[in-house]
Protein chains: 2
Amino acid sequence: MSANINATLSALAEPKRLQIVELLREGPLTVGEIAEKLELLQPQTSKHLGVLNKAGLVEVKAQANMRIYKLCQQPFKDLDGWLTSFEHVWEERFDRLDEYLQKLQGKD
Amino acid sequence: MSANINATLSALAEPKRLQIVELLREGPLTVGEIAEKLELLQPQTSKHLGVLNKAGLVEVKAQANMRIYKLCQQPFKDLDGWLTSFEHVWEERFDRLDEYLQKLQGKD
DNA sequence: TAGGAATATTCTTGTAAAGGAATATTTAGA
DNA sequence: TCTAAATATTCCTTTACAAGAATATTCCTA
């Protein structure tokens, strides 16, 4: 499974879904609990959870007539790995603006 | 400055903008270079860069009649920090599904 | 100062997606 | 088997936004 950073970012970009994900850091919750804590209507809660599920960010476990949602770890690890690829950018010698300017000058 | 994770995620969620950001890991580039390397039209390139700039992900430096864009580091660090808040979730003892199920059983 | 190169902006249009409301589905229990 | 609770799904409407095309702006140079 290659890391689909795009899918992960798209799913997280929606404010309410971000809230849901942040809430689920505390632990698994049912749809009803999520809706109550975030003051969302049940249908939109289910829909957002569906999107998160499709993106692979959460998984479901049926329990009686309830569904318990919890976070998956892989996409977050993938996202963290992706961010790691930026680390060298922050090192001073990689802020190549001056170098770049000189290159531009040289073109004249 | 509080970390606006939402804004960062929204800006990165667009596939072409993600490409632009990934390209800028290599170093600063002008609009024309970005458009050429990613095979984008100049106007949309400028527009995407405008969004990234507004979200604080890139900064611009004018040079002659060109604009050199480079990545900002703060939002990426903030995003990384945000991801750190998930670390405890991955520890086994925090995967509280069983614990949660028992709590549910106890309600009966 | 006229022209061309690089970039930004505006306007329009098409589309994806979020919200609201209503309804369907599933499950436990009387 | 009927009902109620929990959740999912469908339909409709509205809105945000990306693409495309055309135009405006800025700056250098001849």
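So that the names make sense, note that chain A is the first sequence line, chain B the second, and so on, each numbered from 1. Predicted, not measured: the structure shown is a model, and the values here were computed from it.
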**Message:** I need the CD-C1' distance between A:Glu14 and D:dT15, as an integer number of Å.
**Reply:** 13 Å
**Message:** Is it the case that over 12 heavy atoms from other parts of the model lie below 6.0 angstrom from the CD atom of A:Glu59?
**Reply:** yes
**Fill in**
CH2 (A:Trp82) and CG (A:Asn6) are apart, to the nearest 0.5 Å, by 9.0 Å
**Request:** Can you tell me the distance, in whole Å, between the CZ atom of A:Arg17 and the C1' atom of C:dA16?
**Result:** 12 Å
**Request:** In whole angstrom, give the distance that lies between atom CG of B:Leu40 and atom C1' of C:dT7.
**Result:** 15 Å
Between the protein and nucleotides 8-10 of chain C, which nitrogen or oxygen pairs are less than 3.5 angstrom apart?
| unit_1 | atom_1 | unit_2 | atom_2 | d |
| --- | --- | --- | --- | --- |
| C:dA8 | OP1 | B:Tyr69 | OH | 2.8 |
| C:dA8 | OP2 | B:Ser46 | OG | 2.4 |
| C:dA8 | N7 | B:Gln42 | NE2 | 2.7 |
| C:dA8 | N6 | B:Gln42 | OE1 | 3.3 |
| C:dT10 | O4 | B:Lys47 | NZ | 3.4 |

**Fill in**
From CG of B:Leu41 across to C1' of C:dA6 the rounded distance in Å is 15 Å
**Request:** Kindly assign one of parallel, tilted or perpendicular to the pair A:Phe86 and A:Trp90, based on the angle between their ring planes and the thresholds 30° and 60°.
**Result:** parallel
**Complete:** To the nearest angstrom, the CG-P distance between B:Asn65 and D:dA30 comes to 14 Å
**Message:** Without decimals, in angstroms, what is the distance between A:Lys16 NZ and C:dA18 P?
**Reply:** 10 Å
For nucleotides 1-3 of chain D, which of its nitrogen or oxygen atoms have a protein nitrogen or oxygen under 3.5 Å away, and what is each distance?
none

**Item:** Whole angstrom value for the distance that separates C1' of C:dA6 from CD of B:Glu36
**Value:** 13 Å
**Prompt:** Between A:Ile20 and A:Tyr69, is any pair of side-chain heavy atoms under 4.5 Å apart?
**Reply:** no
**Fill in**
B:Ile20 atom CD1 is separated from D:dA18 atom C1', nearest whole Å, by 12 Å
**Request:** Would you tell me if any nitrogen or oxygen in the side chain of A:His48 comes within less than 4.0 Å of OP1 or OP2 on C:dG19?
**Result:** yes
**Prompt:** So which nucleotide from C:dT7, D:dC27, D:dA18 ends up closest to the side chain of B:Ala64?
**Reply:** D:dC27
**Message:** Treating A:Arg67 as the side-chain partner and A:Val60 as the backbone partner, does any N or O pair qualify as donor plus acceptor under 3.5 Å?
**Reply:** no
